[in-house]
Amino acid sequence: MFRPKLPTMPQPTGLATPPTLVEPTSITPGTPATPPAPAAPAPSRTTVQVTPGTAIALVGGGTAVVLVVGAVLVSMLLAVAITGVSVALVAVVLRLLVNDMRKGR
């Protein structure tokens, strides 16, 4: 069940062609190639300049994102903790009720 099944190699069918003989050829020197024309310079990109105002805005925005994500994660953790405590209390109450029913009270 856990062993992989390897595919079988197919057998060749029909006539196989014999290998062909490749004759060596001589290399004749050609005319020297002209050097390629220099490429046009790429258009310069606009550089992003960060002013003190934009730096403060970026830091403020990043801080806000971190605080919002942190608040969401903490609230989710708190919801899980409250759910766990409430389930534990329900289990204790049910156990007490079952014990009282067994004793016949």
Side-chain angles (χ1 to χ4, degrees):
M1 181 172 135
F2 294 109
R3 292 181 180 234
K5 294 185 178 181
L6 300 175
T8 58
M9 293 295 293
Q11 297 298 324
T13 58
L15 296 175
T17 60
T20 59
L21 182 63
V22 177
E23 295 288 330
T25 58
S26 62
I27 299 175
T28 57
T31 59
T34 59
S44 63
R45 291 181 161 181
T46 58
T47 57
V48 177
Q49 295 181 355
V50 180
T51 62
T54 56
I56 291 173
L58 287 174
V59 169
T63 304
V65 167
V66 167
L67 289 176
V68 168
V69 170
V72 168
L73 291 177
V74 168
S75 65
M76 289 172 60
L77 180 65
L78 187 61
V80 170
I82 290 172
T83 303
V85 169
S86 64
V87 168
L89 288 174
V90 167
V92 169
V93 169
L94 283 176
R95 190 177 75 176
L96 290 174
L97 288 173
V98 168
N99 284 342
D100 285 345
M101 286 175 48
R102 284 187 182 166
K103 291 181 181 177
R105 291 185 187 175

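Along the sequence shown, the residues carry numbers beginning at 1.
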Does any pair with a residue in residues 62-91 pass side chain to side chain donor-acceptor pair (under 3.5 Å), and if so which ones, sequence neighbours excluded? none
Quick one: name the residues clustered hydrophobically with Ile82, using the 4.5 Å side-chain heavy-atom rule over I, L, V, M, F, W, Y, and just say none if it's on its own. Leu78
Check: residues 51-62 side-chain donor-acceptor pairs under 3.5 Å, at least two apart:
residue	atom	partner	partner atom	Å
Thr51	OG1	Thr54	N	3.4
Thr51	OG1	Thr54	OG1	3.2
Thr54	OG1	Thr51	N	2.9
Thr54	OG1	Thr51	O	2.9

Donor-acceptor pairs under 3.5 angstrom involving side-chain atoms of residues 87-97: please list them, not counting sequence neighbours.
none

Could you identify which residues cluster with Val69, counting Ile, Leu, Val, Met, Phe, Trp and Tyr as linked when any side-chain heavy atoms lie under 4.5 Å apart, either directly or through a chain of such contacts? Val65, Leu73
